[in-house]
Amino acid sequence: MKELSENHQTQTAPCYILAVETSCDETSVAVVKDGREVLSNLISSQIETHKAFGGVVPEVASRKHVEVITLMLEQAIEESGIRPRDLSAIAVTQGPGLVGALLVGIVAAKTLAMALGKPLIGTHHIAGHIYANRLTHELKYPAMALVVSGGHTELVHMESEGKFKLIGRTRDDAVGEAYDKVARALGCPYPGGPHVDRMASEAEQVVPLPRVWLEADSYDFSLSGLKSAVLNVLNQAKMRGETLEASAVARGFQEAVVEVLVEKAVRAVRQYGSQQLLLCGGVAANRGLRMALQERCEREGLELLIPPMVYCTDNAAMIGAAAYLKWQRGEISEFDAKADPGLSLEEWSVQSV
Ligand code: KG4
Ligand code: ZN
C-alpha cells in the first residue's frame with residue numbers, strides 16, 4: 001500500500017468507488033458512494049456453466065469473467081449515473097480466490113485506473129463480506145464477524161474499524177464446501193447448500209450426527225469429519241439395503257453445523273466484549289443458521305446483523321464498502337499489485353485508526 005500524495009479527499013466531496021469482484025464464479029461490478037450507498041451492483045453468475053461439472057472449474061471461470069467484464073464495467077458505470085471522470089478510485093478483489101479468476105478483475109481494474117488516472121485499491125475478499133453489513137447498518141466496535149462461505153469459515157474480531165484479527169478458522173473444509181459435498185452425496189445439483197437447507201426445513205425426522213467442538217477453548221472449526229460421518233451413514237444404510245430419508249440426513253447435518261457455529265460465535269462475542277455480531281458470506285443465506293442465531297442473540301440480548309441476500313453471496317458492492325476503509329485513510333495500492341490467492345486479512349487491516 002502507498003499513501004496518496006495529493007490531497008485526494010475533502011471533507012465534503014463524496015467518494016465514488018467503482019469496484020470489481022471476480023474471485024470465484026461471479027463477475028460483479030458496482031459503484032458505491034461513501035462506502036455505504038450502492039448506486040449500481042451488477043452480478044453475472046456462472047453457476048449454470050459450472051453445474052455441468054459439479055463444481056467450479058477454475059479455467060472455465062477465468063474465461064467466463066473475460067467474456068463479460070468489459071460490458072459489465074460499462075453498464076455499471078452507466079447505471080450509477082456517475083461520469084467516469086468523477087469516480088474517486090477503482091477497487092478490485094486482490095485475494096483470496098482463484099488466481100486466474102482474480103487476475104481478470106485485476107487487469108480490468110488496473111487498465112481502467114490507469115486510463116482514467118484514478119487510484120487503485122486492492123481489496124480483501126473477506127473484508128468485503130464483512131463490510132457488506134455496512135451497506136445496510138451502522139457498525140459498532142468492537143465487533144465480531146462470523147464468515148461462512150464456500151471457501152471460508154472464520155471468526156474475525158474487529159477492535160476498531162478496519163482492524164481484523166482472526167480468532168478461529170476451519171482446519172479443513174469450509175462450511176459451504178461441506179454443504180456442497182453433502183448435497184452431492186444426497187443427489188442434489190451444484191451448488192447444493194440451498195437444497196440441503198430446504199430439505200432440512202422440510203424434514204420430519206432427523207438422523208443424529210456428531211458435533212465437532214475441537215479443544216474446549218478453541219474457536220477453530222472442523223467440517224471434514226462431519227462430512228465423512230454423513231457419507232458413512234449413507235453407505236451403511238445402503239449396505240443394509242435400507243433407504244434413508246435424504247431430508248432426515250440433511251437436517252441432522254444442518255443441526256450439527258449450526259449448533260457449533262452458533263455456540264462458538266456467541267462465546268467469542270462474550271469473550272471479546274463485541275457490541276455486534278456480523279454474519280456474512282454465502283452460507284449466511286441458510287435459514288437454519290439465521291434462525292438459530294437470531295433466536296440465541298435475542299435471548300442473550302446481543303445485536304446481530306445479517307446483510308440482505310444480494311450482499312451475502314459474492315458481489316462487488318461489498319468490495320466497494322471495504323475499499324472505502326482504505327480510501328478514507330489514503331491507503332492505496334501500487335499499480336504493480338498482483339493477484340494474491342493467499343492474501344492475509346490481518347495484514348490487509350488499515351494502518352491508521
Ligand atoms: O460467499 P459465496 O457466494 O462464495 C464464496 O465466496 O465462497 O458462498 C457460496 C457458498 C456455496 O457453497 C453455497 O452452497 C453456499 O454458499 N450456500 C448455502 C446456502 N446458500 C448458499 N449453504 C447453505 N445454505 C444455504 N441456504
Ligand atoms: Zn465470497
Side-chain angles (χ1 to χ4, degrees), residues 19-28 30 41 43-47 50-51 54-56 58 61 65 92-98 101-102 105 123-133 145-154 156 169-170 173-186 188-203 223 226-227 230 247 250-251 253-258 260-262 278-293 306-319 321-322 341 343 345:
V20 178
E21 154 67 40
T22 62
S23 68
C24 191
D25 59 347
E26 258 105 26
T27 319
S28 182
N41 183 37
I43 303 169
S44 165
S45 172
Q46 308 174 356
I47 281 180
H50 297 292
K51 234 180 203 169
V56 178
H65 288 310
V92 61
T93 306
Q94 195 176 355
L98 303 170
L102 289 166
T123 305
H124 197 284
H125 184 75
I126 298 303
H129 273 304
I130 294 173
Y131 274 85
N133 279 286
L146 174 60
V147 186
V148 279
S149 75
H152 298 267
T153 304
E154 283 155 14
V156 182
R169 73 186 84 194
T170 178
D173 291 354
V175 176
E177 191 183 353
Y179 261 94
D180 293 340
K181 288 177 180 166
V182 165
R184 199 173 184 172
L186 296 176
C188 306
Y190 175 85
H195 296 282
V196 175
D197 189 12
R198 180 183 39 76
M199 284 196 285
S201 71
E202 290 165 2
L223 275 305
L226 178 58
K227 177 195 67 194
V230 170
S247 63
R251 182 163 157 201
F253 170 74
Q254 179 143 309
E255 285 182 358
V257 170
V258 168
V260 174
L261 287 175
V262 171
L278 320 181
L279 179 65
C280 58
V283 186
N286 186 272
R287 277 177 291 171
L289 177 60
R290 291 165 86 103
M291 267 163 51
L293 264 182
I306 308 178
M309 274 314 305
V310 62
Y311 302 137
C312 282
T313 45
D314 289 349
N315 66 90
M318 70 183 196
I319 300 303
L343 189 65
L345 178 60

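Counting begins at 1 with the first residue of the sequence. Start at 1 and go down the list; that is how both ligands and their atoms are numbered. Predicted, not measured: the structure shown is a model, and the values here were computed from it.
Short contacts between ligand 1 and Pro191, defined as distances under 4.0 Å to a heavy atom of the residue, involve ligand atoms 14 (O). Counting the atoms of ligand 1 from 1 in the order shown, those under 4.0 Å from a heavy atom of His125 are 6 (O). Contact atoms of ligand 1 toward Gly193: 14 (O), 18 (C), 19 (C), 22 (N), 23 (C), 24 (N), 25 (C) (distance under 4.0 Å to a heavy atom of the residue). Every atom of ligand 1 with a heavy atom of Asp314 under 4.0 Å away is listed here by number and element: 1 (O), 2 (P), 3 (O), 4 (O), 5 (C), 6 (O). Interface of Gly151 with ligand 1, defined as ligand atoms under 4.0 Å from a residue heavy atom, comprises 7 (O). The ligand atoms of ligand 1 that sit less than 4.0 angstrom from a heavy atom of Tyr179 are 23 (C). Interface of Thr313 with ligand 1, defined as ligand atoms under 4.0 Å from a residue heavy atom, comprises 3 (O). Shown in contact with Gly150 at under 4.0 Å from a heavy atom are these atoms of ligand 1, numbered in order with element: 5 (C), 7 (O), 8 (O), 9 (C), 10 (C), 12 (O).
Of the protein's non-hydrogen atoms, Asn286 ND2, 3.4 Å is the one closest to atom 23 (C) of ligand 1. Among all protein heavy atoms, the one lying closest to atom 15 (C) of ligand 1 is Val283 CG2, 3.9 Å. The protein heavy-atom contact nearest to atom 26 (N) of ligand 1 is Asp197 OD2, 3.0 Å.
The closest approach between a heavy atom of Pro194 and any atom of ligand 1 is below 4.0 Å. Residue contact check for ligand 1: Arg287 places no non-hydrogen atom closer than 4.0 Å to it.
Note: Tyr179 and Phe253 have perpendicular aromatic rings, judged against thresholds of 30 and 60 degrees for the angle between ring planes.
Nearest residue to atom 13 (C) of ligand 1 from Asp25, Val182, Asp180 is Asp180 (criterion: closest heavy atom). Across Ala174, Gly192, Gly282, Gly128, heavy-atom proximity to atom 21 (C) of ligand 1 is greatest for Gly282.
Coordination check, His125 versus the Zn ion (ligand 2): passed, since an N/O/S atom of the residue sits under 2.8 Å.
What you find for Ala317 and Asn41 is that their closest heavy atoms are N-OD1, 3.2 Å. Taking every heavy atom of both residues into account, Ser149 and Gly281 meet most closely at CB-CA, 4.1 Å. Shortest non-hydrogen contact noted between Gly128 and Met318 is O-CB, 3.1 Å. Minimum heavy-atom separation, Val148 to Ala284: CG2-N, 3.9 Å. Pairing each heavy atom of His129 with each of Gly282, the nearest pair is CE1-N, 4.5 Å. Shortest non-hydrogen contact noted between Thr153 and Val175 is OG1-N, 2.8 Å.
By the 3.5 Å distance cut-off applied to N or O atoms, Gly176 is counted among the residues near ligand 1.
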Show the numbers, then the answer: is there a side-chain contact (heavy atoms from CB on, under 4.5 Å) between Val196 and Asn286?
CA-CA 9 Å; Val196 175; Asn286 186 272; over 6 Å; no

Please determine whether side-chain contact (heavy atoms from CB on, under 4.5 Å) holds for the pair Ile43 and Glu21, giving the CA-CA distance in whole Å, both sets of side-chain angles, and the decisive distance to 0.1 Å.
CA-CA 9 Å; Ile43 303 169; Glu21 154 67 40; over 6 Å; no

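For Arg290, the CZ atom is densely surrounded, since the number of other residues' heavy atoms within 6.0 Å is greater than 12.
In this model, no donor atom of one side chain and acceptor atom of the other lie less than 3.5 Å apart for Asn315 and Glu26. Side chain to side chain, His65 and Thr27 meet the donor-acceptor criterion of an N or O pair below 3.5 Å.
Residue-level proximity to ligand 1 for His129 is carried by the side chain, the only part with a heavy atom below 4.0 angstrom.
Taking the Zn ion (ligand 2) as the corner point, the angle from Asp314 atom OD1 to His129 atom NE2 is about 90° (rounded to 10 degrees).
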